[in-house]
2 protein chains.
Amino acid sequence: MVHCTPSLDRSFAALSDVTRRGILEQLGRADASISSLAEHFHMTLTGMKKHVVVLEQAGLVTTQKVGRVRNCRLGVQRLEAEAQWIDAYRKLFEARFEALDGIIEEMKQEEAHGTANEQSPDGAKRDDD
Amino acid sequence: MVHCTPSLDRSFAALSDVTRRGILEQLGRADASISSLAEHFHMTLTGMKKHVVVLEQAGLVTTQKVGRVRNCRLGVQRLEAEAQWIDAYRKLFEARFEALDGIIEEMKQEEAHGTANEQSPDGAKRDDD
DNA sequence: ATAATACTGAACCATATGGTTCACTGTACC
DNA sequence: GGTACAGTGAACCATATGGTTCAGTATTAT
């Protein structure tokens with residue numbers, strides 16, 4: 001599992017906001033100015049600018065100011081590392097649960113041999129909390 | 001592109017912290033108590049507890065208190081929706097850039113026909129900022 | 001030249017985050 | 001019964017986030 005920490009931090013954080021994910025979807029359809037985005041998401045220009053800055057810092061959006069309008073478009077960040085991280089996690093997840101299945105299988109075997117411990121042999125309380 | 005907003009918000013936010021991603025990797029290897037995690041990440045019990053709560057709320061971890069120790073393990077959240085979102089985004093990204101390639105192609109054609117506008121025909125300044 | 005547009009920056013606000021310490025509860029061990 | 005251990009909860013702190021308003025600046029249109 002690869003660690004490009006600061007980048008992953010930034011991009012996952014950028015993706016953790018509905019509005020920003022919406023902006024990305026919007027820019028997937030067409031480039032847009034700050035004001036058109038602001039209007040679309042019912043937000044002030046300043047508010048939208050901040051979101052765009054966050055997305056820009058995460059590399060998900062690039063902008064270029066032409067005259068008085070700043071044009072926003074999808075950036076270089078293809079979310080490759082992010083997709084990879086999630087994928088690695090999911091594999092790890094599966095592996096872990098296969099391992100657990102193995103343990104359960106073992107326990108069943110032991111039980112069949114009459115060596116199984118009854119649950120909570122030490123009387124510890126099991127709370128879900 | 002599907003919108004399960006609150007869930008995506010929570011899980012992406014949960015993933016946006018190095019320590020929390022580390023915890024997930026750790027739990028992928030073996031279940032662990034709060035204190036063992038706290039020690040491993042050089043953090044107070046209380047601090048670790050908070051991270052675990054965040055992961056729990058995102059469904060990435062489940063815990064069960066047995067006696068005085070709380071056992072943490074990977075939760076039900078397999079990051080399916082998250083993987084899907086990222087995947088959809090990447091497709092959209094590719095599509096968008098193919099479209100741009102198409103436009104560039106068009107422009108080249110026009111240029112070949114002598115109908116191309118020179119850049120900035122209106123004299124607008126192009127700033128990168 | 002004036003007015004409208006599009007953005008920018010500073011200041012402000014409420015709330016969240018990531019961490020701590022300290023006091024406390026419940027469990028385990030001798 | 002007493003002590004150590006594992007966790008919990010409240011309070012605190014600094015900083016970040018997501019938003020606003022208001023006062024500019026630069027660009028475009030009339």
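Below, read A as the first sequence line, B as the second, and so on, with proteins coming before strands; counting in each chain starts at 1.
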Grab the [atom1]-[atom2] distance between [X] and [N] for me, whole Å please.
| X | N | atom1 | atom2 | result |
| --- | --- | --- | --- | --- |
| A:I23 | D:dG18 | CD1 | P | 11 Å |
| B:D9 | D:dG18 | CG | P | 9 Å |
| B:Q64 | D:dG7 | CD | C1' | 15 Å |
| B:K65 | C:dA28 | NZ | P | 10 Å |
| A:F12 | C:dG18 | CZ | P | 15 Å |
| A:L15 | D:dT17 | CG | C1' | 16 Å |
| A:R70 | D:dA26 | CZ | P | 14 Å |

So does B:R78 get a backbone contact from the side chain of A:R90, meaning a donor-acceptor N/O pair under 3.5 Å?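 Checking the backbone N and O of B:R78 against the side chain of A:R90, a donor-acceptor pair under 3.5 Å is found.
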Distance-only donor-acceptor hits, side chain of residues 35-42 of chain B, under 3.5 Å, sequence neighbours excluded:
{"unit_1": "B:S35", "atom_1": "OG", "unit_2": "B:S33", "atom_2": "OG", "d": "3.4"}
{"unit_1": "B:S36", "atom_1": "OG", "unit_2": "B:S33", "atom_2": "N", "d": "3.2"}
{"unit_1": "B:S36", "atom_1": "OG", "unit_2": "B:S33", "atom_2": "O", "d": "3.0"}
{"unit_1": "B:S36", "atom_1": "OG", "unit_2": "B:S33", "atom_2": "OG", "d": "3.2"}

Hey, which of these two, A:R20 or B:S36, hits DNA chain D nearer its 5' end, going by closest nucleotide?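 The residue closer to the strand's 5' end, by nearest nucleotide, is B:S36.
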Any B:K49 side-chain nitrogen or oxygen under 4.0 Å from OP1 or OP2 of D:dT8: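 For B:K49, the contact criterion (side-chain N or O under 4.0 Å from OP1 or OP2 of D:dT8) is met.
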Look at B:R68 and D:dA4 and indicate whether a side-chain polar atom (N or O) is within less than 4.0 Å of OP1 or OP2.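 No, because none of the side-chain N or O atoms of B:R68 sits under 4.0 Å from OP1 or OP2 of D:dA4.
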Could you list, one pair per line, each protein nitrogen or oxygen that sits under 3.5 Å from a nitrogen or oxygen of nucleotides 19-25 of chain D, together with the distance?
{"unit_1": "D:dG19", "atom_1": "OP2", "unit_2": "A:H51", "atom_2": "NE2", "d": "2.2"}
{"unit_1": "D:dG19", "atom_1": "N7", "unit_2": "A:K50", "atom_2": "NZ", "d": "3.0"}
{"unit_1": "D:dG19", "atom_1": "O6", "unit_2": "A:K50", "atom_2": "NZ", "d": "2.2"}
{"unit_1": "D:dT20", "atom_1": "OP2", "unit_2": "A:T44", "atom_2": "N", "d": "3.4"}
{"unit_1": "D:dT20", "atom_1": "OP2", "unit_2": "A:T44", "atom_2": "OG1", "d": "2.6"}
{"unit_1": "D:dT21", "atom_1": "O4", "unit_2": "A:T46", "atom_2": "OG1", "d": "3.4"}

Is the closest side-chain heavy-atom distance between A:I23 and A:M48 below 4.5 Å?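 Yes, their side chains come closer than 4.5 Å.
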Is there side-chain contact between A:L27 and A:L60, with at least one heavy-atom pair below 4.5 Å?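 Result no, sub-4.5 Å side-chain heavy-atom pair not found.
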Taking the side chain of B:I34 as its heavy atoms from C-beta onward, which of C:dT8, D:dT8, C:dG18 lies nearest to it?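 Looking only at side-chain atoms, B:I34 lies closest to D:dT8.
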Residues which pass salt bridge (Lys or Arg N to Asp or Glu O under 4.0 Å) with A:K91, listed by chain and number, not counting sequence neighbours: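 Partners of A:K91 under the salt bridge (Lys or Arg N to Asp or Glu O under 4.0 Å) test: A:D87.
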Report the relative orientation of the aromatic rings in B:W85 and B:Y89; use parallel for angles under 30°, tilted for 30 to 60°, perpendicular for over 60°.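 The rings of B:W85 and B:Y89 lie parallel, inter-plane angle below 30°.
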Check for me, please, whether B:L79 and B:V54 land in the same ILVMFWY cluster - side-chain distances under 4.5 Å, paths through other members count.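 They do not share one cluster, since no chain of ILVMFWY contacts under 4.5 Å joins B:L79 to B:V54.
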